[in-house]
Every structure is written in C-alpha cells, then in structure tokens.
J.: 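This is the structure I have questions about; it appears just below.
These numbers come from the heavy atoms of this one structure, side chains and all, not from hydrogens, waters or symmetry mates. In the text below, chain A, chain B and the rest are named by the order of the sequence lines, each starting its count at 1.
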2 protein chains.
Amino acid sequence: MNLLTIGKLAAAAGVSTDTVRFYERSGLLPPPARTEANYRLYPQQTVKRLKFIRRAKALGFTLNEIRELLALRHDPDSTKAEVKSFTENKIEDIRQRIADLQRILATLEHLAGACDGHGPADDCPILAAMDDDLRGECQLAGHHARCRPAGG
Amino acid sequence: MNLLTIGKLAAAAGVSTDTVRFYERSGLLPPPARTEANYRLYPQQTVKRLKFIRRAKALGFTLNEIRELLALRHDPDSTKAEVKSFTENKIEDIRQRIADLQRILATLEHLAGACDGHGPADDCPILAAMDDDLRGECQLAGHHARCRPAGG
DNA sequence: CTTGACTTTAGACCATGGTCCAAGGATTAT
DNA sequence: ATAATCCTTGGACCATGGTCTAAAGTCAAG
C-alpha cells in the first residue's frame, strides 16, 4: 500500500498524530487526500517532509522559518542564494544567542567563584550581586557592557 | 513619601504596572498593603526586589527559579552553599545550551559552506541535508553524534 | 466641579509548539 | 457480531512571560 493513514505516517516519521494535524493546521503540511470515510491519506513523500521538518527543527529553525524553507524547497524558481542567505541569517542569530549565553555564563562563573559556600546566605556575594544597584551591572547589562574595575 | 503606588514602583523599577501585578499573581512579590481605596502601597524595598528579579532574569534564571532565589534570599536559615549550588546548576544548564547551539552552528556553517549560492535551489546542499534520510544525520543528531566520514 | 491621570478587577489575548479530550464514525481482529 | 483500535472534529489546555482591554472607582489639578 503506497498511501498511509495518519497513524502510519506519524509512526514512520516519529511524531504523534496530533503533531501531524497540528502541522497541517499550521501550514507545514498541505491538506491531504481523503478516503470516502474522510480519513487522511498521505503519500510516502510526506514522511520525508515530516523528517525534513524534524531536521530543520533540530537545526534551530522555528516552524515559521521551516514553512519558508519548505516553500523554497518546493518552488522551482527559488535559488541556492535564497536558501544560503536564509541559512546565514540563522547562523548570525545563533551566534548572537551563543554570545549572550557566554556573557551570562561568565558572570555566573564569576559569581560562583566569589562565593566560598560556607555560612548563611545573607551575605552571599551571588545574591548581593543581583541585589545591589550598581555592583555587577557591568556583567549583567548586555550590549554596551564595559566593566570598570571597581574604582572609586 | 516612603510608600509607592504601583505606578511609581513600576517606574522606579523599570517595569510596567501589568508586570508588577503579574509578578504578584505569580508569587514573586508578596501582596502589598492597600489604601482605603484599595490601591496597592509598596515600601521602597520592593523596588530593590523588582530590580533583583530583573537582574536574575538577565542572568538566565526563569521566574520559577527566581522565586526560589528570593526564598533563599529572605530565609535566614538558607546557606551560601544552597545559593552556590543553585547557581552551579544554572551554570551547567547554560553550558549545555551553549554546547547545543555550537553543535547546531557548526552544522549550519558546514552547510552554508557547502552551498555555492549559484543556480536554482533544487540541488541545494542545505536543503538536501535536511531532506535526506541519512546524509547529515551525524551533524543533526545530537548527543551520540559521531560522524563517520561517509564510508560505504 | 470637572477633567485627566491613576488605580482596581477579571479575563482575554500574544507567540511557541504542541498535547489532550470528548463524542462520534470507521475499520479490523477475533 | 462485537470488541478493540483507529480515525474525525472542535476546542480546551500546558508552560513561559507577560500585554491589553473593559468597566468602574479614585485622586489631583485647574
């Protein structure tokens, strides 16, 4: 049998039937053919489409972005340049997220290093750093974060 | 005046009044005193508490985690060890997220590098990598991703 | 006294990515 | 034939972190 019911499709692609219907509602899967009893019938191809979605998701693309990628993938007029540019935008996006997390990580490591871990929390430098108005600002601020060495 | 209405509090802390009420509903702020007209009245202290929340958020803590941090901060029995351990868990969490993003980044950079950017998208290696069943699996898979060099 | 700014509440709504449920019809296995 | 699955639909619900609205009450300035 070369056509799949939703359950077979979902099992083959490793998602739930709910997810398949959700993707259809979201425009990631086209409305499929139906049996006389109104059951959805999918070609084998759709398994690949679902796996494509899974892969793209694993690569950090949102469902909205995946919808665009699928459009590029199926539009004969689309170009490699478009796909590449799309990917490069995502690369920039992910680099930015990594940079943000690395800044946060450095601050947390700094704070954890400043805490000896002994005694009551009321003078814990970690809490103090979040508490105080200006100490720690340079680590926490973000974009224009230049850290003056605590001079007075 | 040492007590603040919600608007003054929000302005002083750099959040919206909606956010202040939302934090109260969420248990991040205790229910404040009220005027006879049922207006919320906050001590100056609450400005600091809100700023603490902002800082902790900037450090990647979720509101649930911040609720726990606030509990540690205000419980005289809590210890530095607890706060430090909490922070170290978050550090591990963030390291993991960075590692995930770096893996994704490497794959995307690899794919972008494999695409010359010329011609129609139908044989674009980026799309192909998401499309194919096994090619690219090692880059996309995750935890146990060891990349066999395309051997047969 | 009136206007405008502030506050109150409950509840809806946003995006993200689904998951779960109920009530009913279809199909398959025994 | 009948029970166990499977499928259909619409809609509610989950977490996250808020934002917005409406209708009503309150407060400060002119």
Side-chain angles (χ1 to χ4, degrees), chain A residues 1 3-29 31-42 46 49-70 90 93-94 97 100-101 104, chain B residues 1 3-29 31-42 46 49-70 90 93-94 97 100-101 104:
Chain A
M1 164 197 298
L3 290 180
L4 304 166
T5 59
I6 194 170
K8 309 286 186 189
L9 170 71
V15 299
S16 73
T17 57
D18 277 328
T19 297
V20 173
R21 293 193 198 94
F22 171 71
Y23 284 172
E24 181 182 332
R25 281 203 300 286
S26 310
L28 292 166
L29 294 177
R34 301 286 185 135
T35 67
E36 289 188 21
N38 205 30
Y39 281 25
R40 289 173 178 80
L41 277 187
Y42 297 93
T46 307
R49 193 170 172 113
L50 275 171
K51 287 187 175 176
F52 179 97
I53 293 171
R54 286 187 59 184
R55 272 146 210 291
K57 239 158 56 70
L59 282 172
F61 291 99
T62 66
L63 295 189
N64 279 334
E65 290 165 340
I66 294 169
R67 189 164 32 242
E68 294 184 63
L69 279 173
L70 285 165
K90 197 71 197 174
D93 176 26
I94 288 174
R97 279 153 66 191
D100 288 345
L101 286 173
I104 287 168
Chain B
M1 171 198 293
L3 291 180
L4 305 167
T5 58
I6 195 170
K8 308 288 185 187
L9 171 70
V15 300
S16 73
T17 57
D18 277 329
T19 298
V20 172
R21 294 194 197 94
F22 172 71
Y23 284 173
E24 182 182 332
R25 281 201 302 284
S26 308
L28 292 166
L29 294 178
R34 300 286 186 134
T35 67
E36 288 188 22
N38 204 31
Y39 281 24
R40 289 171 177 83
L41 277 186
Y42 297 93
T46 308
R49 194 172 172 112
L50 275 171
K51 286 187 175 176
F52 180 98
I53 295 171
R54 287 187 58 185
R55 273 148 210 292
K57 240 159 55 69
L59 282 172
F61 292 99
T62 66
L63 294 190
N64 280 334
E65 289 164 339
I66 293 169
R67 192 167 26 245
E68 295 185 62
L69 279 174
L70 285 165
K90 197 71 199 175
D93 175 25
I94 289 174
R97 279 154 66 192
D100 288 347
L101 286 173
I104 288 168

J.: Can you name the residues that form a side-chain contact (heavy atoms from CB on, under 4.5 Å) with B:Y23, not counting sequence neighbours?
T.: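 In terms of side-chain contact (heavy atoms from CB on, under 4.5 Å), with neighbours along the sequence ignored, B:Y23 is linked to B:T19, B:L28, B:L29, B:L50, B:I53, B:K57, B:L63.
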J.: With A:R21, which residues qualify under salt bridge (Lys or Arg N to Asp or Glu O under 4.0 Å), at least two apart?
T.: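 A:R21 satisfies salt bridge (Lys or Arg N to Asp or Glu O under 4.0 Å) with A:D18 only.
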J.: Going by the rule side-chain contact (heavy atoms from CB on, under 4.5 Å), which residues pair with A:N64 if we only count those two or more places apart in sequence or in a different chain?
T.: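 For A:N64 the side-chain contact (heavy atoms from CB on, under 4.5 Å) partners, ignoring immediate neighbours, are A:T62, A:R67.
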J.: Mind checking B:S16 for me? I need base, sugar-phosphate or nothing, with any heavy atom below 4.0 Å counting as a touch.
T.: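 Since only primed, P, OP1 and OP2 atoms lie under 4.0 Å of B:S16, the category is sugar-phosphate.
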J.: Please encode protein proximity along nucleotides 3-17 of chain C as a string of B, S and -, counting only heavy-atom distances under 4.0 Å.
T.: ---BSBB------SB
J.: Under the salt bridge (Lys or Arg N to Asp or Glu O under 4.0 Å) rule, collect the residues that match up with A:E24, sequence neighbours excluded.
T.: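 With sequence neighbours excluded, A:E24 shows a salt bridge (Lys or Arg N to Asp or Glu O under 4.0 Å) to A:R40, given in chain and number order.
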J.: Given C:dG18, is OP1 or OP2 found less than 4.0 Å from the side-chain N or O atoms of A:S26?
T.: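 It does not, given that no N or O in the side chain of A:S26 lies less than 4.0 Å from OP1 or OP2 of C:dG18.
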J.: Can you sort out the partners of A:R97 under side-chain contact (heavy atoms from CB on, under 4.5 Å), two or more places apart, ordered by chain and number?
T.: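 Scan of A:R97 (side-chain contact (heavy atoms from CB on, under 4.5 Å), adjacent residues dropped) gives A:K90, A:D93, A:I94, B:L101.
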